[in-house]
Visitor: 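Before I ask anything, let me first share the structure, which is written out below as structure tokens.
What you see is a predicted model, and the numbers here were worked out from it, not measured in a lab.
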Amino acid sequence: MEAMVRLGVFLGIFLLMAAWELLRPKRQLSLERRRRWPVNLGLAILNVGVMRLSIGAAAWLATIWATEQQIGLFNLVSMPSWLSITLSLLLLDLAIYAQHIAAHRWRWFWRLHQVHHTDMDFDTTTAVRFHPMEIMLSMLYKVVLVVLLGADPVAVIAFEVILNGCALFNHGNVGLPPVIERCLRYLMVTPDMHRIHHSAFQPETDSNYGFSLSCWDRLFKTYCEQARKTQTEMTIGLDEYRDSAELGFVGLLALPFRRLRGR
């Protein structure tokens with residue numbers, strides 16, 4: 001049930017974003033979709049397969065177990081369900097923000113996370129361009145979080161759906177009207193805000209870490225409002241990786257085990 005809900009929402013938002021990008025793209029892509037999408041979507045399919053055969057349902061099972069055993073903060077403190085769900089969503093989102101910072105600052109973690117940033121274009125498929133080992137580490141991290149929090153199972157499903165949906169949206173090669181962009185950015189991460197994070201200029205790469213809510217970047221001083229170049233002129237990706245020939249499916253799987261460039 002949990003997996004079907006996530007998959008259904010994912011496919012719906014993905015198709016919507018893909019159509020939006022096709023009709024009203026923000027930037028001209030440097031590589032054609034037929035060259036990039038097989039790599040990005042290939043990683044996504046591999047990750048789904050690896051997780052289904054290993055620990056894909058771990059967070060869901062962990063929250064069920066914690067609820068049954070009455071373990072974790074929100075199982076020990078009496079409060080209305082709506083409040084525990086709301087707090088769980090906020091704290092889980094904050095934890096993913098912290099994980100994202102760690103992925104940039106810890107060299108061993110960056111080896112995995114750089115796979116995501118080597119994409120030289122920025123569209124909704126970039127949202128699923130991750131190394132399988134990073135996906136598995138992220139799941140184990142979430143298992144620890146949901147047990148410590150005693151998160152409600154509803155909150156865990158909702159969080160995964162929101163996280164995946166927001167990632168597809170804020171990686172979109174789309175733009176919003178300026179007024180909507182300014183207003184929406186006070187609440188959530190927009191494509192223009194997250195595109196700055198994918199800039200090849202490292203001070204911009206090391207900013208705007210939020211995935212869903214934008215408040216964490218503002219609160220912890222990692223927010224960058226405008227890149228030094230315009231949204232359509234900034235270079236996307238990493239300066240150390242500009243040869244698309246070495247960024248194929250197999251190359252990305254091997255990337256964490258090669259000599260680290262930069263950082």
Visitor: Do side-chain atoms of Glu204 reach the backbone of Ala227 as a donor and acceptor pair under 3.5 angstrom?
Guide: no
Visitor: Given the rule in the side chain to side chain contact (heavy atoms under 4.5 Å, CB included) test, do Asp119 and Val39 qualify, once you have shown the distances and angles that lead to the verdict?
Guide: CA-CA 10 Å; Asp119 199 342; Val39 176; over 6 Å; no
Visitor: Do you know the tightest heavy-atom contact between Arg36 and Asp123?
Guide: NH1-OD2, 2.8 Å
Visitor: Heavy atoms, side chains only, cut-off 4.5 Å: are Phe220 and Ile101 in contact?
Guide: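 Not touching, per the 4.5 Å side-chain cut-off.
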Visitor: Is Leu255 reachable from Leu260 through a run of I, L, V, M, F, W or Y residues, each pair having side-chain heavy atoms under 4.5 Å apart?
Guide: yes
Visitor: Only pairs under 3.5 Å count here: list side-chain donor-acceptor contacts from residues 180-188, not counting sequence neighbours, and write none if there are none.
Guide:
unit_1 : atom_1 : unit_2 : atom_2 : d
Glu181 : OE1    : Thr190 : OG1    : 3.4
Glu181 : OE2    : Arg185 : NE     : 2.8
Glu181 : OE2    : Arg185 : NH2    : 2.9
Glu181 : OE2    : Thr190 : OG1    : 2.6
Arg185 : NH1    : Tyr223 : OH     : 3.1
Arg185 : NH1    : Glu225 : O      : 2.9

Visitor: Within a radius of less than 6.0 Å around CZ of Arg218, do more than 12 heavy atoms belonging to other residues, nucleotides or ligands occur?
Guide: yes
Visitor: SG of Cys166 to CD1 of Ile96: how many Å apart, nearest 0.5 Å?
Guide: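 Those atoms lie 12.5 Å apart.
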Visitor: Between Ile162 and Asp93, does the side chain to side chain contact (heavy atoms under 4.5 Å, CB included) criterion hold? Intermediate values first, please.
Guide: CA-CA 10 Å; Ile162 293 170; Asp93 196 62; over 6 Å; no
Visitor: Indicate the atoms forming the closest heavy-atom contact of Gly210 with Asp217, along with that distance.
Guide: N-OD2, 2.8 Å
Visitor: Would you list the pairs meeting ring-ring contact (aromatic ring centres under 6.0 Å, His included) in which at least one residue belongs to residues 16-54, sequence neighbours left out?
Guide: Phe14-Trp37
Visitor: Tell me the closest heavy-atom pair linking Gln231 and Asp192, and the distance in Å.
Guide: NE2-O, 2.9 Å
Visitor: Side chains of Met120 and Leu31: closer than 4.5 Å at any heavy-atom pair?
Guide: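 They are in side-chain contact.
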Visitor: May I ask you to decide whether Glu240 forms a salt bridge with Arg258, counting only side-chain N to carboxylate O separations under 4.0 Å?
Guide: no
Visitor: Could you measure the distance from the CD1 atom of Ile13 to the OG1 atom of Thr124? Nearest 0.5 Å is fine.
Guide: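 Going from CD1 on Ile13 over to OG1 on Thr124, the span is 9.0 Å.
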Visitor: Any non-hydrogen side-chain atom of Val115 less than 4.5 Å from a side-chain atom of Phe130?
Guide: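 Result no, sub-4.5 Å side-chain heavy-atom pair not found.
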Visitor: Which one of Trp216, Tyr97, Tyr209 satisfies the side-chain hydrogen bond (donor to acceptor under 3.5 Å, both in side chains) criterion with Thr222?
Guide: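 Filter result, single survivor: Tyr97.
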Visitor: Just list the side-chain donor-acceptor pairs under 3.5 Å for residues 74-82, sequence neighbours left out, or say none.
Guide:
unit_1 : atom_1 : unit_2 : atom_2 : d
Asn75  : ND2    : Ala66  : O      : 3.2
Asn75  : ND2    : Ile71  : O      : 2.7

Visitor: Transitively linked via ILVMFWY side-chain contacts under 4.5 Å: Phe201 with Tyr241?
Guide: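 No.
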Visitor: Side chains of Val48 and Leu7: closer than 4.5 Å at any heavy-atom pair?
Guide: no
Visitor: Indicate the atoms forming the closest heavy-atom contact of Leu253 with Pro132, along with that distance.
Guide: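 Taking Leu253 first and Pro132 second, the nearest heavy atoms are CD2-CD, 3.7 Å.
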Visitor: Is there a side-chain contact between His197 and His194 in this structure, where contact means two heavy atoms from C-beta onward sitting under 4.5 Å apart?
Guide: yes
Visitor: Hey, could you give me the CZ/CG distance between Arg35 and Asn40, rounded to the nearest 0.5 Å?
Guide: 12.5 Å
Visitor: To the closest 0.5 Å, what do you measure between CG (Leu92) and OH (Tyr141)?
Guide: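 Rounded to the nearest 0.5 Å, the CG-OH separation comes out at 9.0 Å.
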Visitor: Restricting to non-hydrogen atoms, name the atom on His171 and the atom on Glu21 that form the minimum distance, rounded to 0.1 Å.
Guide: O-OE2, 4.2 Å
Visitor: If you apply the rule side chain to side chain contact (heavy atoms under 4.5 Å, CB included), what do you find for Phe10 with Val128, and how did you get there?
Guide: CA-CA 11 Å; Phe10 173 87; Val128 297; 3.7 Å; yes
Visitor: Does Gln70 have more than 12 heavy atoms from other residues, nucleotides or ligands lying within 6.0 Å of its CD?
Guide: yes
Visitor: Are Val189 and Leu168 grouped together when hydrophobic residues (ILVMFWY) are joined by side-chain heavy atoms under 4.5 angstrom apart?
Guide: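 No; Leu168 is not reachable from Val189 via cluster members.
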Visitor: Closer than 3.5 angstrom, by distance alone: can the side chain of Thr63 be matched with the main-chain N or O of Ala59 as a donor-acceptor pair?
Guide: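 Flag not set: sc Thr63 to bb Ala59 has no pair under 3.5 Å.
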Visitor: Running the 4.5 Å side-chain criterion over Ile, Leu, Val, Met, Phe, Trp and Tyr, what cluster does Val144 land in, apart from itself?
Guide: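 Besides Val144, the cluster holds Leu148.
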Visitor: Minimum heavy-atom separation for Ala127 to Ala167, with atom names?
Guide: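 So the two residues come closest at CB-O, 3.4 Å.
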Visitor: Would you say Asn170's side chain and Ser212's backbone share a donor-acceptor pair under 3.5 angstrom?
Guide: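 A pair under 3.5 Å: no.
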Visitor: Just checking Arg52: does its CZ atom have more than 12 heavy atoms from other residues, nucleotides or ligands closer to it than 6.0 angstrom?
Guide: no
Visitor: With clusters defined by side-chain heavy atoms of hydrophobic residues (ILVMFWY) lying less than 4.5 Å apart, directly or transitively, does Leu247 cluster with Leu29?
Guide: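 No; tracing contacts between hydrophobic side chains, which count when under 4.5 Å, never links both residues.
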Visitor: Does Val250 share a hydrophobic cluster with Val50, counting links as ILVMFWY side-chain heavy atoms below 4.5 Å and allowing steps through other members?
Guide: yes
Visitor: Is any side-chain heavy atom of Leu238 less than 4.5 Å from a side-chain heavy atom of Arg261?
Guide: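 In short, these two side chains do not touch, never coming nearer than 4.5 Å.
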Visitor: Any side-chain heavy-atom pair from Ile55 and Met136 closer than 4.5 angstrom?
Guide: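 They are in contact (side-chain heavy atoms under 4.5 Å apart), so the answer is yes.
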Visitor: Going by atom types alone, do Thr118 and Arg129 pair a side-chain donor with an acceptor below 3.5 Å?
Guide: yes
Visitor: Any chance you could measure Glu233, atom CD, to Ser199, atom OG, to the nearest 0.5 Å?
Guide: 12.5 Å
Visitor: Side-chain contact test, heavy atoms from C-beta onward, threshold under 4.5 Å: evaluate it for Met17 versus Val174 and give yes or no.
Guide: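 Side-chain contact under 4.5 Å: yes.
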Visitor: Compute the centroid of each ring, for His116 and then for His100, and state whether the two points are separated by less than 6.0 Å.
Guide: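 No, they do not, as the ring centres are separated by 6.0 Å or more.
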Visitor: Could you state the interatomic distance from CG (Leu89) to OG (Ser84), rounded to the nearest 0.5 Å?
Guide: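 The OG atom of Ser84 is 9.5 Å from CG of Leu89, to the nearest 0.5 Å.
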Visitor: Do Asp121 and Arg27 sit within salt-bridge range, that is, some charged N less than 4.0 Å from a carboxylate O?
Guide: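 Between Arg27 and Asp121 there is no salt bridge, as every charged N stays at least 4.0 Å from the carboxylate O atoms.
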Visitor: Using links of under 4.5 Å between side-chain heavy atoms of ILVMFWY residues, direct or through other members, which residues join Met234 in one cluster?
Guide: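 For the cluster that includes Met234, the remaining residues are Phe122, Ile196, Ile236.
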Visitor: Mind checking who shares a hydrophobic cluster with Trp106, ILVMFWY linked at side-chain heavy-atom distances under 4.5 Å?
Guide: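 Its cluster mates, by chain and number, are Trp108, Phe109, Leu112, Met133, Leu137, Phe257.
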Visitor: Donor-acceptor pair, Asn208 side chain versus Met193 backbone, under 3.5 Å?
Guide: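 Side chain of Asn208 to backbone of Met193, a donor-acceptor pair under 3.5 Å: yes, one is there.
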Visitor: Test side chain to side chain contact (heavy atoms under 4.5 Å, CB included) on His131 and Arg111; report intermediate values, then the result.
Guide: CA-CA 10 Å; His131 196 279; Arg111 285 182 173 275; over 6 Å; no
